[in-house]
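What follows is a single structure, written as C-alpha cells, with notes after it.
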There are 2 protein chains.
Amino acid sequence: MTKRATVYDVADRAAVSIATVSRVLRSPDAVRPATRERVMDAVSELGYVPSGSARGLAERRTGVLGLYFPGFDASEDAPPLDVLGEEHASMPPFTMARDAADPAAHPTLLFLDEVLRGAELEAWKQGFVLMIGVGRDDPSRSTVRDMAGRVDGLIVLAQSVPDDVLARLAQRIPVVVLSGPSRGDDYDHVTVSNTEAMAELTRLVLAQADHTRIAFLAGPTDSPDGAQRWDGFAAAVTDAGIALDDVTVVRGDFTRASGREAAESLIAAGPPSALVAANDQMALGALDAFRSAGLRVPEDVLITGFDGLEAAALSTPPLTTVRQPMIDLGRAAVQLLGRRLERPDAEPATVRLPLQILLRESSQRSG
Amino acid sequence: MTKRATVYDVADRAAVSIATVSRVLRSPDAVRPATRERVMDAVSELGYVPSGSARGLAERRTGVLGLYFPGFDASEDAPPLDVLGEEHASMPPFTMARDAADPAAHPTLLFLDEVLRGAELEAWKQGFVLMIGVGRDDPSRSTVRDMAGRVDGLIVLAQSVPDDVLARLAQRIPVVVLSGPSRGDDYDHVTVSNTEAMAELTRLVLAQADHTRIAFLAGPTDSPDGAQRWDGFAAAVTDAGIALDDVTVVRGDFTRASGREAAESLIAAGPPSALVAANDQMALGALDAFRSAGLRVPEDVLITGFDGLEAAALSTPPLTTVRQPMIDLGRAAVQLLGRRLERPDAEPATVRLPLQILLRESSQRSG
DNA sequence: ATGAAAGCGCTAACAA
DNA sequence: TTGTTAGCGCTTTCAT
C-alpha cells in the first residue's frame, strides 16, 4: 500500500490531462479509442480507484442511500470482544452444549434483515450503494446526523429518530419514513394495511370461536403498528355486535416471554376460546403457555399471530399469521427516495403495501 | 429544502471564520465558550450538517467501513416492483393464502444477517459507519470497486471477489477476508475451526452408530467451508479405523431440496445408520426424506447438520448441529480492520473463532 | 483564541 | 478530441 494513486498520477502516466482521465472513466465514448486505452492501462498499472469523497464533493451527490433503524438489541452493552489479545489465542477450536434452546433474535431484527435486503436490491438497481446505521442513544455521537452528511437520501424506521432531529435532516436531504403512520408531516411514507388485515383476520376467527371468550394480546402502548392492529381487531369485534368490554385484553412487549406470561394470566382467569395476538412472537409464547397448561390448539383455543416470521410456520401447530411484505417495504422505500431525488418537489407520497393473511392450523377448528 | 447550508453560511451567520466553525465541530475546547455558543446557534438555525464528502476529502479518511458479500439469491432477476404506478394504487390491502409453507431464505443469507449485525455493532463502537454491498455479476458495473473508493477498509466474504480484483483493491485500502482459508495471501483473515469441530462431531456420531453404514452429505465442490467440513469428517472416520471407501458420500448444493434428494438416493440404496451433513439446510431436507420414507430419527438413523440455524432448533426432532459465531465473525473482522488502519504494517493476522457443538435429539440414540 | 490560505481529488464548463 | 481552470466544502498549518 504505497501512496494512493490519484487522477494526476494516472494522467501523468498516460500522458494526458486529468480531464481526459475523468472522461475515460465517466463517458468513455467521448474520447478517442487509442487515448482511452492508454488511460485504462495506466489505471490498471497503478491500481487506481477513484476517491468517492472527491467525486461526491465535485458532483454534489454521493451515490449512497442511508437506512437507519433503532437498535433493539441493547447492543451497547455487548461485552467487548477481544480477538487480538493473548488469551484469545489459547481458545479451544470448539465448545459443546447440550441445551437445545436457541436464543431467538428480536422479532424486529428479523423483520429488518429482510427490509434491508429489499432496500439493497433496489438501491443496486438504481445505481446506489447502501449505508446502514443503527440508533443507539449516545448523546455525544449522533450516528444519524453523521449519515445524513454522507448520503443522498435517508430511509428511517418510524420512531427511530426524534421528530425535531428528523425535521432538520429533511432540510438537507430527502427522507422516507418506513412503516409508521404519517402524522401530518411532509415526508414520503411506506406503510402496510395493518388495520384492514387485522380486521379481516379477526372476522375469520370470530366466525369460528365462542364470542364471549375472545381475547386480544396487545403490544406495547407506544407501538404505532400495535395500535393499528388493535384498531382493526376492535373494528371487527364491534362489527360483529360484540361489546369491547366483553373481550379480555392483555398486554405484552412483543417478546415471546411476555406472550407466555400474558397467556398464563389468561389461563388463570379461565382460558379464552380464541386469542388474537398483535405479533408472532407473543403468539408463540402463548402457544407454549397453552400447551403447558394442557390446552389443545386449535381444539380448545384458537391462536393467531402477526408478522409472518419463519418460526410461525415451524411451530406446532403452524401459526396462522399475517405476513409483512418486508422485501417490498425496503424496495418501495428506495423507490420513493429515487423519485424524490429526481423530482425534489413532487407531492409527498404514501405507499401502502398489501399484507398476506396466512391461514394455518392454529386458527382452523375444522383443520 | 433550500440551498444546503455550508461552513461558509454558518461562519457568516456567527460572524467568525470558517476555521472557527470547523474547530467548534471538531475540537470544541479550542474555542472560547462565547464564540462556541454563537457558532452552535448558527448551526442549529441553519440546520447545518457537514458534508461527508468534503470531510472525507480533506481528512483523507471517510470513517466508513465496507462489507461486501456475494448475492446468493439471484436477486438480479427479481421482478420490477412498481409502487408508484397507477395499478399499484388499486391493490387490495391484503390477500389470503392457505398454504402453510414459508419460502425459506437461503441459509447463507441468514448467516450474513448476523454477521452484518456484529460488524455494525463493532463499527459503531469504533466510530465508523458501515456500507454494504452485494456482489452481482454485472460486468458493466463494479460495486466492489465503487465501494473501495468510498471506504477506509473493506471486509469481503471469501469467494465474493475475484483474486486479481481483490489484490488491486487491497493496494488502496486494507482488506479483511471473512470465513475463507488463507491461501498464502497477505490479507487479514477471520475463520472458524470447521475441521476440528466436524471431526469432534463425527466422533460423537461414530460412538453410537453402526460404523459400516455411515454416510456424508457434502456441499458443493467449490465451497471452502464444505471442503473443511469434509476434511474433519474424513479425519475422524479414518481415526476410527474405518476406510473412507466404506462411507457413502452424496453431494448437494447446501439447499434443503438438494438434501432431500440426496437422502432419497441413499434410502433407495439402503438407508445409512447415520448421516453427517455439511450444513443444516441439507440435513433438514434429509430429515424430511427419512420421515417420508418411514424411517425414525434418531432411532433408525442419526442426523447432524452444521451452522446452527434457528430452523435446526425447531425441527422435529431438534437437529444436532454446530453453531457458527456469526456475530463475533462480524465483530472480529471489524476489529482486524481497525487494527490495520491504526498500524498499517502490522503482521497479517488470522483470527480463528471457536464453534459450538449443539447436541440435540437427532443424534442421540439414547435421547 | 481566531483568521487566512493552501490543499484534499475529483467534475464540468469553457477554450482551443 | 483534448486541455485549462474553477470550484465542490471541508481540515489544517501557519500567522496574528
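Quick caveat: nothing in here was measured; it's all calculated off a predicted structure. Heavy atoms only: backbone and side chains are in, while hydrogens, waters and symmetry mates are out.
Listed by chain and number, the residues in a side chain to side chain contact (heavy atoms under 4.5 Å, CB included) with A:Thr191 are A:Thr350, A:Arg352 (sequence neighbours excluded). Residues forming a side chain to side chain contact (heavy atoms under 4.5 Å, CB included) with B:Ala5 (at least two apart in sequence, or on another chain): B:Asp9, B:Leu46, B:Tyr48. The side chain to side chain contact (heavy atoms under 4.5 Å, CB included) test applied to B:Ala158 returns B:Val177, not counting sequence neighbours. Checked against side-chain hydrogen bond (donor to acceptor under 3.5 Å, both in side chains), A:Arg339 has the following partners two or more places apart in sequence or in another chain: A:Asp188. Checked against side chain to side chain contact (heavy atoms under 4.5 Å, CB included), B:Asp82 has the following partners two or more places apart in sequence or in another chain: B:Leu84, B:Glu87. For A:Arg55, the side-chain hydrogen bond (donor to acceptor under 3.5 Å, both in side chains) test picks out no residue, with sequence neighbours left out.
Within the structure, every pair that satisfies the side chain to side chain donor-acceptor pair (under 3.5 Å) test and touches residues 37-46 of chain A, not counting sequence neighbours, is listed here: A:Arg13-A:Glu45. Within the structure, every pair that satisfies the salt bridge (charged side-chain N to carboxylate O under 4.0 Å, His left out) test and touches residues 16-31 of chain B, not counting sequence neighbours, is listed here: B:Arg26-B:Glu59. Residues in residues 153-164 of chain A take part in these salt bridge (charged side-chain N to carboxylate O under 4.0 Å, His left out) pairs, two or more places apart or across chains: A:Asp163-A:Arg183.
In this model, the phosphate group of C:dT2 is not approached by any side-chain N or O of B:Ser17 to a distance below 4.0 Å at OP1 or OP2.
The rotation axes computed at either terminus of the helix from C:dA1-D:dT16 to C:dA16-D:dT1 lie 30° apart, taking five pairs at each end and rounding to 10 degrees.
In this structure, CE in B:Met131 is found 10.0 Å from CG in B:Leu65, a value given to the nearest 0.5 Å.
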Contact letters for nucleotides 7-16 of chain C, in which S counts primed atoms plus P, OP1 and OP2 and B counts the base, heavy atoms under 4.0 Å = BBBBBBB---
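Bounding nucleotides for the chain B contact on DNA chain D, 5' to 3', at a heavy-atom distance below 4.0 Å, are D:dG9 to D:dT13.
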